[in-house]
Amino acid sequence: MTSNETAAPGRRPAAARTTSRDVARAAGVSQAAVSLVLGDKWRGRVSPAKAEAVRTAARELGYRPNLAARSLRMGRTRTALLVVPALTTEFFARVYTGAARVAADHGFGVVLYPSPEGIGPARDPFDSAAATLDGVIASSMAAEALTALRDADLPLVMLDSDPDDERATATVNLDIAGGVRQLTAHLTALGHRRITHLAADVDSWTFDLRARAVAEALETTPGARLRRQPAALGVDAGLHAAHAALTAPGPRPTALLCDDDIIAAGACKAVRRLGLRVPEDVSVTGFDDLALAVAVEPELTTVRLPAEEFGEAGMRALMSVLDGRPAEAPTLPVELVTRGSTAPPATAPGNTTRPGGQ
């Protein structure tokens, strides 16, 4: 027992702390390999299988390196900031879960900072960000919240953002445009030609990209008529936007393509309040595949985004930057999930397809 581990008189010794030797024994590797893996310097020196065994053993044993000593040696605080819009859905909670998992494997902590105004400027959450943080990960929807942090000159990984944004040290994206193309292809294959895009009324790269992708996807579809109806991010906003779209002069749209599941839930309410049916009279699609997508009836056709993997990729990029290595800039695939909220339009010739396009 070392001097700083000596139990005080009259007290029982604390339970022995898990050491890197314990992790090495459980993973079947050397202590040096444990240090390389948990310091993220294992590539080319430790096999991927052994690296995963070390990370698994560390998690299962509850091993935590001596961060105070390591920080002194490396001149780091071992803390990253994750800046997101106000937490109104579980999407960013899942992004945090993924980011925190990778951070823990590297002995880092993650501070979650929701922009108080949702997408607008936010004050610096620290007296001195440069002295408190090693790096920042931020969503494009909360980009303006970074204003107070720019002078800190910290590494910045942007999520769901313009890859040409010069503010970012690295960028990690989802295939948002691909997801929109899958949705529009699904609707047009069912026979829809009058489609209204319930577009998120948010000045953000990701929503601008969705609007462009919808327009480009329908440009080559004969007879397609695309309208755009802005909507704030909320169920009530989706309801009002959908009502406006469905009662506007001219032929009624047969499909509402919504920028997220929350807007889509409001759109479904609007359809029913007008005495119409989803999907028999109007098809509705969402985006994100939140828990809400299967809570509504009928369940939403939507695009599933791998939120936890997104957070993991963002944190891995930041770790690479901090270690002086080139950061990967992946675009993660997304998946169309077809459910009961879409079907061929009521006027489609020979319409015998069941709801959901199945």
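This chain uses plain numbering: 1 for the first residue, then up along the sequence.
Taking the side chain as every heavy atom from C-beta outward, Asp175 and Arg181 approach each other to under 4.5 Å. Side-chain contact between Val84 and Val95 is absent, with no heavy atoms from C-beta onward closer than 4.5 Å. Counting heavy atoms from C-beta outward, Pro155 and Val136 have side chains that stay 4.5 Å or more apart. With contacts defined as side-chain heavy-atom distances shorter than 4.5 Å, the pair Leu218/Ile195 qualifies. Side-chain contact check for Glu308 versus Arg101: some heavy-atom pair is nearer than 4.5 Å. Within the 4.5 Å cutoff, the side chain of Thr79 has no heavy atoms near those of the Asp134 side chain. In this structure the side chain of Arg193 never reaches within 4.5 angstrom of the side chain of Thr254, judged on heavy atoms. Between Val83 and Ser139 there is no side-chain heavy-atom pair separated by less than 4.5 Å.
The environment of Arg227 atom CZ is dense: over 12 non-hydrogen atoms of other residues, nucleotides or ligands sit within 6.0 angstrom. Under a cut-off of 6.0 angstrom, the local environment of CZ in Arg21 is sparse, with at most 12 non-hydrogen atoms contributed by other residues, nucleotides or ligands. Within 6.0 Å of CD in Glu335 there are more than 12 heavy atoms belonging to other residues, nucleotides or ligands.
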Original post:
When you look at Thr301 and Val337, which way does the side chain to side chain contact (heavy atoms under 4.5 Å, CB included) test go after all the steps?
Top reply: CA-CA 6 Å; Thr301 291; Val337 181; over 6 Å; no
**OP:** Mind running side chain to side chain contact (heavy atoms under 4.5 Å, CB included) on Lys269 and Arg273 for me, showing each step along the way?
**Re:** CA-CA 6 Å; Lys269 291 179 70 174; Arg273 289 188 181 185; 3.8 Å; yes
Subject >> Chi angles and distances behind the side chain to side chain contact (heavy atoms under 4.5 Å, CB included) call for Met319, Phe108 >> reply: CA-CA 9 Å; Met319 295 297 103; Phe108 265 67; 3.8 Å; yes
**OP:** Would you sort out whether Tyr113 and Leu82 count as a side chain to side chain contact (heavy atoms under 4.5 Å, CB included), showing the intermediate values?
**Re:** CA-CA 6 Å; Tyr113 186 54; Leu82 176 61; over 6 Å; no
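Between Arg304 and Asp288 there is no salt bridge, since no side-chain nitrogen of the basic residue lies less than 4.0 Å from a carboxylate oxygen of the acidic one. For the pair Glu52 and Arg59, the salt-bridge criterion is met [side-chain N within less than 4.0 Å of a carboxylate O].
Atom CG of Leu336 sits about 8.5 Å away from atom OG1 of Thr302, to the nearest 0.5 Å. The OG1 atom of Thr97 lies 13.0 Å from the CZ atom of Phe92; values are rounded to the nearest 0.5 Å. Note that the CD1 atom of Ile176 and the OG1 atom of Thr206 stand 4.5 Å from one another [nearest 0.5 Å]. Taking CG of Leu198 as the start and CG of Asp201 as the end, the distance is 12.0 Å to the nearest 0.5 Å. Between the NZ atom in Lys50 and the OG atom in Ser30 there is a gap of 8.0 Å [rounded to 0.5 Å]. Separating the CG atom in Leu300 from the OG1 atom in Thr285 is a distance of 8.0 Å, to the nearest 0.5 Å.
No single ILVMFWY cluster, assembled from side-chain heavy atoms under 4.5 Å apart, contains both Val296 and Val294. Taken together through direct or relayed side-chain contacts under 4.5 Å among Ile, Leu, Val, Met, Phe, Trp and Tyr, Val278 and Val235 form part of one hydrophobic cluster. Note on Leu233: it does not cluster hydrophobically with Leu239, by side-chain heavy-atom contacts below 4.5 Å among ILVMFWY residues.
No hydrogens or angles considered: a donor-acceptor pair under 3.5 Å links the side chains of Asp22 and Thr19. Residues Asn173 and Thr331 bring no donor and acceptor atom of their side chains to less than 3.5 Å of each other. Ser283 and Thr342 form no side-chain donor-acceptor contact under 3.5 Å, judged by distance and modelled atom types alone.
Using modelled atom types, one side-chain atom of Arg78 and one backbone atom of His106 make a donor-acceptor pair closer than 3.5 Å. Of the possible polar contacts, one joining the Asp260 side chain to the Ile262 backbone as a donor-acceptor pair under 3.5 Å is found. The backbone N or O of Ala343 sits less than 3.5 Å from a side-chain atom of His192, completing a donor-acceptor pair. Although no hydrogens or angles enter the test, the distance criterion places no donor-acceptor pair under 3.5 Å between the side chain of Arg210 and the main chain of Ala177. Ser161 contributes a side-chain N or O that, together with a main-chain N or O of Leu159, makes up a donor-acceptor pair within less than 3.5 Å.
For the pair Asp289 and Asp261, the tightest heavy-atom approach, listed with the atom from each and the gap, is N-OD2, 2.8 Å. When all heavy atoms of Leu246 and Arg252 are compared, the closest pair comes out as O-CG, 3.7 Å. Residues Phe287 and Leu183 come closest through the heavy atom pair CD1-CD1, 3.7 Å. Closest approach of Pro326 to Ser320, counting heavy atoms only: O-CB, 3.9 Å. Closest heavy-atom contact between Val180 and Ala213: CG1-CB, 3.7 Å. Between Ala232 and Ile263, the shortest heavy-atom contact is O-CG1, 3.7 Å.
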